[in-house]
2 protein chains.
Amino acid sequence: MAATIRDVARLAGVGLGTVSRVLNDSPLVSPATRTRVLDAIAELRYSPSQIARSFSSGKTLTVSVIAPFFTRPSVVERLRGIESALHANGYSLVVFNVETSARRDACLHDVSRHDRSDGALIISLTPRAGEVQLLRDAGVPVGLIDTSAEGMYGVCIDDIYGGELAVRHLLDRGHRRIGFLGDSEAEVQDFNFTSSRHRQLGYLKALDAADATLRPEYQRYGVHGRSEARLLARELLQLPEPPTAIFAASDTQAMGVLEASRDLQLRVPEDLSVIGFDDIDVAEYLGLTTVRQPLFMSGQRGVEILLGLIGGEPPDPPSQVLPIELVARGTTAPM
Amino acid sequence: MAATIRDVARLAGVGLGTVSRVLNDSPLVSPATRTRVLDAIAELRYSPSQIARSFSSGKTLTVSVIAPFFTRPSVVERLRGIESALHANGYSLVVFNVETSARRDACLHDVSRHDRSDGALIISLTPRAGEVQLLRDAGVPVGLIDTSAEGMYGVCIDDIYGGELAVRHLLDRGHRRIGFLGDSEAEVQDFNFTSSRHRQLGYLKALDAADATLRPEYQRYGVHGRSEARLLARELLQLPEPPTAIFAASDTQAMGVLEASRDLQLRVPEDLSVIGFDDIDVAEYLGLTTVRQPLFMSGQRGVEILLGLIGGEPPDPPSQVLPIELVARGTTAPM
DNA sequence: TGCTACTATGGAACCAGTTCCAAGATTACG
DNA sequence: CGTAATCTTGGAACTGGTTCCATAGTAGCA
């Protein structure tokens, strides 16, 4: 049986409280006593029970992270930022991977039960009005990453502006027939993802500002993934009057577009310009032009915000907007 | 203030034990009483404190996962398998990302403090003899994934055989000048990674069996990563008598080799055959020939083993070896 | 009817820490 | 030297569950 704080107290010949004080680095212990206690701790190879500690103090030093499809490169990179910042602050992270809408709802609901963790970070999933209310009522500290919601705190980017940035890059190079490829309606609804839609809004806005004709058939939606995007892109490229450039709502989907152009023997960027979003690791390898967002940093900032909330300080401003930038590589060219 | 089990007992007009029994689905409660308790629970919107529960029962329903470089695609895929299996069994996972040897040692040591979790899964990091002893003494259930150690339990693959498989594939296609590209000595030492070395042993074994001359200059080592591999591959390919095929110890490193051949205007597979290891997601996209190992399944199996251990049943056999297979794609061809 | 066996229930004790109050020891200072 | 202020210290009470023992109630059976 492992030693308890009482065993230590007995061996050191001091009281319970004194041992607790030593453990918590309280200044209210004389050096001599402290030494005696530390010796006893070493002798008994005592290590305090974290569970008992959490139980009595009410702090778990743990944060829950709800991440949709955590194998997606962009999500992984955010998680790395989160882990790094949490670890630096002595916190652990519990990961919940959301791959179905049922799990999404369950996770958001469970978070409000405020138990095993001191707070939660939610990646990319936008809480609906009712859920926001639930979370607020429960009083759980929550930080949003890659999304925002009325009355909640977090970090995000301006996806609309990002979409504009991408499409303006294409317009500037003389493209007028520009396709868009984004997430399926079902996915957007089920998970309440917002970024694909916002990026599309930016696309529409940029086209509008340039007086380019909008063609509904140039906008395609499919389940997020390379192979789905490949099929959609093939459809786009086989239209009677195919687009000369395609803006994919994510780098992963842009990879599907590249595959499709390979399938159809189209050269990129000579016959087709392709631009993605996120600047995930492989984008550089592929020479993919894309809109870069600070993924790692989003995780770090999310943690800062959340730890602030846990400490009782609401961040100001409530929602930080991180900078994004266009990274021009080899998959886009003038017409 | 949240309601406690005592509030529920009072409202339902029953004893503490009875409420606890209802919560734990004990059959020793009459239907009428159960209903009364459930009503009280609903009325108070009571939800049991997980921490208190863990504290008093000694079970945390949580598992720690120690993962080196958890952004590497292969690791992420294993994590997904782990999360999926843990969630199916009502467990949560706490992730520790190891990116330095100091953290590796700290994590392995912390696990033995058996506290916040019921057990641990260790990915790819082989415990050293002293660490094995420490873990055994601490009595913490531990499952190893992608590695094995004397007296410990887990799942792995036969990396030596995998290396042979890869090299035989090249030999069969007439290649005799075959390079190998693996992890740096420093990395292997610091983290005690074994797979790169084992794959190299398979490489040596296959070459030996084929009476192909071994050339020390054909074997290069560098920090795991695409750009490092790219540099090493460039060195290999600029030798007076360059290899006609390269076996990279991982798909990520194989991508570096592909970059290097692009740099040097070498066509793959016409001028150079390239084979990787793991069959990560992008391998298919790149048409990379590789040795596939069941990553997702390794996570699942690891969880099965660990939960068995937690339940008191040592797995038989102690170490499972998962099947691997060669996936021939477009980056390898006959000379 | 009386005795046994089993079901249902209440609640004290326990898990291992933290917190805080009371009290003893020591120091400062007039 | 006495008194107040400050520093140390001990330990009871508390956190919110689970467990288990004692007991009341009930059914079964001769």
>> Please report the distance, rounded to the nearest Å, between CG in B:Leu16 and P in C:dA8.
In response: 19 Å

> Going by atom types only, do A:Arg21 and A:Thr33 share a side-chain donor-acceptor pair under 3.5 Å?
Replying inline: no

> Between A:Asp118 and A:Val63, is there a donor-acceptor pair closer than 3.5 Å when you use the side chain of the first and the backbone of the second?
Replying inline: no

> Taking atom P of D:dG16 as reference, at what distance in whole Å does atom CG of B:Asp7 sit?
Replying inline: 9 Å

>> Quick check: on DNA chain C, is the nucleotide nearest B:Gly15 upstream (toward 5') of the one nearest B:Ala52, or the reverse? Name the residue that is more 5'.
In response: B:Gly15

>> How many whole angstroms separate atom CD1 of A:Ile5 from atom C1' of C:dT18?
In response: 8 Å

>> I want to check one thing: is the phosphate of D:dT8, taken as OP1 and OP2, less than 4.0 Å away from some side-chain N or O of A:Arg21?
In response: no

> Rounded to the Å, how far apart are B:Lys59 NZ and D:dG17 P?
Replying inline: 19 Å

> Is the B:Phe69 ring parallel, tilted or perpendicular to the B:Phe191 ring (thresholds 30°, 60°)?
Replying inline: perpendicular

>> Counting distance alone, no hydrogens or angles: does the base of C:dG11 have a donor or acceptor under 3.5 Å from a partner atom on the side chain of B:Arg6?
In response: no

> Whole-Å distance between C:dA16 P and B:Ile51 CD1?
Replying inline: 17 Å

> More than 12 foreign heavy atoms under 6.0 Å from CZ of B:Arg136: is that the case here?
Replying inline: no

>> Set out, in order, the CA-CA distance, both residues' side-chain angles and the distance that settles salt bridge (Lys or Arg N to Asp or Glu O under 4.0 Å) for A:Arg10 and A:Asp7, then state yes or no.
In response: CA-CA 5 Å; A:Arg10 201 175 312 125; A:Asp7 299 326; 3.5 Å; yes

> What about B:Arg10: does its side chain form a donor-acceptor pair under 3.5 Å with the base of C:dG10?
Replying inline: no

> Does the side-chain ring of B:Phe55 sit on the six-membered ring of the D:dT15 base, less than 5.5 Å centre to centre and under 30° in tilt?
Replying inline: no

> Quick one: is B:Ser20 getting a side-chain N or O under 4.0 Å of the D:dG17 phosphate, OP1 or OP2?
Replying inline: no

>> Looking at A:His224, is its backbone amide N or carbonyl O close enough to the side chain of A:Glu187 to form a donor-acceptor pair, meaning the two atoms are under 3.5 Å apart?
In response: yes

> Can you check whether B:Ser57 has a side-chain N or O nearer than 4.0 Å to OP1 or OP2 of D:dT18?
Replying inline: no

> Would you say the side-chain atoms of B:Ser124 and B:Asp146 include a donor-acceptor pair closer than 3.5 Å?
Replying inline: yes

> Using a heavy-atom distance cut-off of less than 4.0 Å, which residues of residues 23-46 of chain B contact DNA chain C?
Replying inline: B:Pro27, B:Leu28, B:Val29, B:Ser30, B:Thr33

